[in-house]
**Q** 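Please see the structure below; I have some questions.
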There are 2 protein chains.
Amino acid sequence: MSNQIELRHLTYFLAVAQELHFRKAAEKLFISQPGLSRQIKQMEEILETQLFERNKKKVGLTPAGHYLKKEVEFIFNHMEKVERQLKLVGDGDSGELRIGFLGSAMQQVIPKMLLQIKEKYPKVKTSLEELSNFAQVDAVLKNQLDMGFVRVSRVPSTLEMKTVFTDTFSLVLPERYPMLTREFDGMERFAKEDFILFSQAYSPLYYDTILSICKDAGFAPKISHKSVHAHTIFKLVENHMGIAIVPTSLQNGFQMRVKFVELKDIPQRAELSVIWKKEHTNPVLKNCMELLLEG
Amino acid sequence: MSNQIELRHLTYFLAVAQELHFRKAAEKLFISQPGLSRQIKQMEEILETQLFERNKKKVGLTPAGHYLKKEVEFIFNHMEKVERQLKLVGDGDSGELRIGFLGSAMQQVIPKMLLQIKEKYPKVKTSLEELSNFAQVDAVLKNQLDMGFVRVSRVPSTLEMKTVFTDTFSLVLPERYPMLTREFDGMERFAKEDFILFSQAYSPLYYDTILSICKDAGFAPKISHKSVHAHTIFKLVENHMGIAIVPTSLQNGFQMRVKFVELKDIPQRAELSVIWKKEHTNPVLKNCMELLLEG
DNA sequence: TCAATTCATAACTATGAGTAATCAAATAGA
DNA sequence: TCTATTTGATTACTCATAGTTATGAATTGA
C-alpha cells in the first residue's frame, strides 16, 4: 500500500467533494466507481483523517473534508498558474535577462535594446551590470550573465560574439586647444602630447588600437593617466592633463568642456560586440538576441 | 506513457534541483539513479519544458527550472501546513463551531462557554446566530448549525438534548407597582392584569409554561402583547402596558426601570438546553460539548 | 591512456491503479 | 409490504508503469 498522497488523490477527492456522489464523480473522472472509492479510502488512511461521511445513501463532507476542499481548490488554481507561467518562461516570453556592459555601450545600443524588449516582451525583467571586458567574459562563462557588451578581439570558443556597433575614434581635446579643425592634417602633430587612455586591463583591445593609431602616425604615445570611466577621462582633458582618443559615440551623454575631433581618415574602428554562451538554454536570451541583431 | 504530473515528479524534481546531481538526489530519495533520470525526463516531456541542462558532467537548472523550483518549494510548504492543519481539524483542536441561541442564553451560559473554548481551543472559531427555538432545531437538523441553545420540551429523535441551565421564573412589574414584596402571597392577585409574553411561535414551551403557572393560580391570563425580545417586553412593562413572567436570569444585562419578583414557590422552571445532532462528525463539537457539560 | 566519474538507455520485475462482477443497505413506488 | 432501483463497498483479476539491475557513452583528472 502506498503511503504518500499523490495529485491523483487530490483530483479524485475534489471531484467527489464537488459532486457528493461517487458514481457521478467517477463518470466525470472517466474511471470506475470502485476504483474511485478505493482511492478515497486510501487517501483517508494516509491522512489519518476522515474526509467524507457516507451512510449508504448520502455522501457529505466532514469538517476536515470541507477544509481540505478549499485548500485543494487553492492548490490546483495555483498549480495551473504555475504551469501557464512555466510555458511562458520556457518560451522566453517571461523571465530574466542579465546584461553586462561597458559604460560606452550605454550611449546607443543598450537603451535601444531595452526599449525593444520592453515593447515586445513586457514580462521580461532585465538587470544591468557595468563590468570590464574581462569580467564580462568571465561572468558569461560562469553563467552569471546572459549577455555582455564588450570591446574585445576574440573570446573563448564556447562563446559567440557579434559586432553590434561600429564607431570611429575621436580625439578629445581641451575646449580651447589651438587647432583649426578644417586644417586637421593627421595625428603626427600630437606626438608630444600626454595621452589619457582607458586602462589596459579594462579594455586591452582599445588600448592596443590606440597604440596602433599612434604607431601609424609614427610615434609612441606618452601615456600620463589611465581610467575606466569616460567621465574621468573628459575631466582630465578639460583640466589640461592631456588629450585622449575615444570612440566617437562617447561625445553624447556627458556634460563637458572638451572638443571632439573625429578621426575619419584612419582605418581603425571601435567595435562594440555582444557576447553570449553558444549552448545557453535561456529562451529569453534567444528572443532578445534576435531583437538586437535583426531590429 | 502517463500524461499527468504527480507529486512524485515534483518531489524528485526538487531533490535534483537542490543537489544538482542525479546520483546524490537518487540516494536521498532512496531510489535508483536511472529511475530518477527517467521520471525527470518524463516530467519535462509532460510540461513540454526543459528544466535541467545536463552536459554529461554537470547538471544545472534552466531559467524555467529555476522558476519551477521556487514554486514547488512554495507548494510543498503550503501542503505541509495544510496537512498539519487537517490533523488539527480532524482532532477538533481547530475548526469552526456554529452556535444558535435564544437571547436569554446570552446572560450566562454562552459567555461562559465561549471563554472556556477560547482558553482550551484557541484555534476554534465560533459563529453565533440568534434564532427562535424552531429555527434552531431546523438548522441543526440541516447541518447549518452545530449546536443550539433552546427552550423546548422535546426534539426529533436524531437530535440529542441536555439541560444546561435551570432557572426560576420572575414576575416583571413596573418599578412603582404597588406591592409589598415581603407580603407577596401568590399569583392570584394578578389575574386581572394584562400579560406581555414571548410569542408562542418563538418559544412554545415558555408560552405553555406561563399558561400553566396562571392556571395553577386559578386564572387564564389576559395576553395583551407578544414579543421575541426581552428588551421590548421590559420596555412595555416599564410603560405600564402590562406585566410579564420571564426567566429570572434575564434580570441581569438590561438597563430598565422594572421590578423583578422571583416566583420561588411555584414548581415551574425555565430550562435552557443544548441540542446537537446525534450522529455529527464535527470533532470540534465533541470537544466543546465536553467542556459545556463537564466544566 | 586509463580509471573513475557522470547521466542515459535497455530490458526486466512487481507494485498497485483501474476493471468487471457482485453485495448489502437504503429508498421509492406499487 | 413487497419489489425494483439506487447507493457505496468488496472481491478478484489485469495491465500499465515506477523502479530495478546491468550496461553504455561521454567527460574529467591523473
Side-chain angles (χ1 to χ4, degrees), chain A residues 1-47 50-62 65 141-143 156-158 277-279 281, chain B residues 1-47 50-62 65 141 156-158 277-279 281:
Chain A
M1 185 190 76
S2 93
N3 55 350
Q4 182 56 53
I5 287 288
E6 280 296 344
L7 285 183
R8 179 186 59 254
H9 292 113
L10 301 186
T11 307
Y12 292 0
F13 165 77
L14 201 57
V16 179
Q18 283 167 348
E19 299 287 330
L20 293 178
H21 198 290
F22 277 75
R23 189 181 52 74
K24 286 180 190 164
E27 269 176 31
K28 207 169 90 174
L29 295 165
F30 300 107
I31 62 169
S32 66
Q33 172 265 314
L36 178 58
S37 284
R38 266 200 34 206
Q39 288 296 309
I40 295 292
K41 192 183 166 191
Q42 191 188 65
M43 184 176 175
E44 290 178 326
E45 279 165 6
I46 296 171
L47 294 174
Q50 200 182 334
L51 301 171
F52 295 101
E53 4 174 359
R54 319 100 146 131
N55 51 5
K56 262 319 183 194
K57 203 66 188 178
K58 277 203 176 155
V59 176
L61 283 162
T62 63
L141 283 172
K142 281 184 187 164
N143 203 24
S157 64
T158 54
K277 253 193 161 172
K278 266 178 185 163
E279 298 185 8
T281 52
Chain B
M1 183 192 76
S2 93
N3 54 353
Q4 182 57 55
I5 288 289
E6 280 297 342
L7 285 182
R8 179 185 59 254
H9 293 112
L10 301 186
T11 307
Y12 292 0
F13 165 77
L14 200 57
V16 179
Q18 284 167 348
E19 300 287 332
L20 292 179
H21 199 292
F22 277 75
R23 189 182 51 74
K24 286 180 189 165
E27 268 175 32
K28 208 170 88 172
L29 294 165
F30 301 107
I31 63 171
S32 66
Q33 171 265 313
L36 178 58
S37 286
R38 265 199 35 204
Q39 288 295 308
I40 296 291
K41 192 184 168 194
Q42 191 187 63
M43 185 175 173
E44 291 178 325
E45 280 165 5
I46 295 172
L47 293 174
Q50 201 181 335
L51 300 171
F52 295 101
E53 4 175 0
R54 315 94 147 142
N55 52 3
K56 268 309 181 197
K57 203 66 187 177
K58 279 207 176 152
V59 177
L61 282 163
T62 61
L141 283 172
S157 62
T158 54
K277 252 192 163 174
K278 266 178 185 162
E279 299 187 8
T281 53

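Just so we're on the same page: letters track the sequence lines, and every chain starts at 1. Computed over heavy atoms, backbone and side chain alike; hydrogens, waters and symmetry mates excluded.
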**Q** Quick one: does A:Q18's side chain get under 4.5 Å of A:K28's, heavy atoms only?
**A**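 With C-beta onward as the side chain, the pair touches.
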**Q** Nearest-Å distance, CD (B:Q39) to P (C:dC7)?
**A**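 Answer to the nearest Å: 17 Å.
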**Q** What is the distance, to the nearest angstrom, from the CZ atom on A:R54 to the C1' atom on D:dT7?
**A**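 Roughly 13 Å, once rounded to whole Å.
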**Q** Is a donor on one side and an acceptor on the other found under 3.5 Å between the side chain of A:E6 and the backbone of B:L7?
**A**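 Yes; judged by distance alone, with no hydrogens or angles, the pair exists.
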**Q** Starting from P on D:dT17, measure out to CG on B:L36 and report it in whole angstrom.
**A**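 Spelled out: CG on B:L36 to P on D:dT17 is 19 Å.
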**Q** Heavy-atom distance under 4.5 Å between the side chains of B:T11 and B:L29, does that happen here?
**A**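 The answer is yes; the side chains approach within 4.5 Å.
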**Q** Calculate the interatomic distance between B:Q42 atom CD and D:dA16 atom P; express it in whole Å.
**A**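 In whole Å, D:dA16 P lies 15 Å from B:Q42 CD.
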**Q** Holding to side chain to side chain donor-acceptor pair (under 3.5 Å), I want the full list of residues that pass it with B:E44, two or more places apart in sequence or in another chain.
**A**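 Partners of B:E44 under the side chain to side chain donor-acceptor pair (under 3.5 Å) test: B:R54.
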**Q** Calculate the interatomic distance between A:E44 atom CD and D:dA9 atom C1'; express it in whole Å.
**A**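 Rounded to whole Å, this separation is 13 Å.
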**Q** Can you name the nearest heavy-atom pair linking A:L36 to A:F22, along with the distance?
**A**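 Minimum heavy-atom contact is CD2-O, 3.3 Å.
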**Q** Can you tell me the distance, in whole Å, between the CZ atom of B:F52 and the P atom of C:dA8?
**A**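 Going from B:F52 (CZ) to C:dA8 (P), I get 10 Å.
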**Q** Can you work out whether A:Y12 or A:P34 has the more 5'-proximal nearest nucleotide on DNA chain C?
**A**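 Per heavy-atom nearest nucleotide, the more 5' residue is A:Y12.
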**Q** Would you mind reading off the distance between B:E53 atom CD and C:dA8 atom C1', rounded to a whole angstrom?
**A**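 To the nearest whole Å, that distance equals 17 Å.
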**Q** What parts of residues 14-33 of chain A reach DNA chain D, counting only heavy atoms under 4.0 Å away?
**A**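 Within this stretch, A:H21, A:F22, A:R23, A:Q33 sit under 4.0 Å of the strand.
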**Q** Answer whether the closest heavy-atom distance between the side chains of B:Y12 and B:M43 falls below 4.5 Å.
**A**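 Side chain of B:Y12 against side chain of B:M43, heavy atoms only: no contact under 4.5 Å found.
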**Q** Looking only at side-chain N and O atoms, does A:K41 come under 4.0 Å of OP1 or OP2 in D:dT10?
**A**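 Answer yes for this pair, as a side-chain N or O of A:K41 is under 4.0 Å from OP1 or OP2.
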**Q** Rounded off to whole Å, could you give me the CZ-to-P distance for the B:R8 and D:dT17 pair?
**A**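 So the CZ-P distance, B:R8 to D:dT17, works out to 11 Å.
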**Q** Return the nearest nucleotide to the side chain of B:R38; candidates are C:dG18, D:dG8, D:dA18.
**A**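 Looking only at heavy atoms from C-beta outward on B:R38, the closest nucleotide is D:dA18.
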**Q** Are any of B:S37's side-chain N or O atoms less than 4.0 Å away from OP1 or OP2 of C:dA8?
**A**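 So the side-chain polar atoms of B:S37 do come within 4.0 Å of the phosphate oxygens OP1 or OP2 of C:dA8, strictly under.
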**Q** Identify the two heavy atoms, one from B:V59 and one from B:F52, that lie closest to each other, and give their separation to 0.1 Å.
**A**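 Closest heavy-atom pair between B:V59 and B:F52: CG1-CD2, 3.9 Å.
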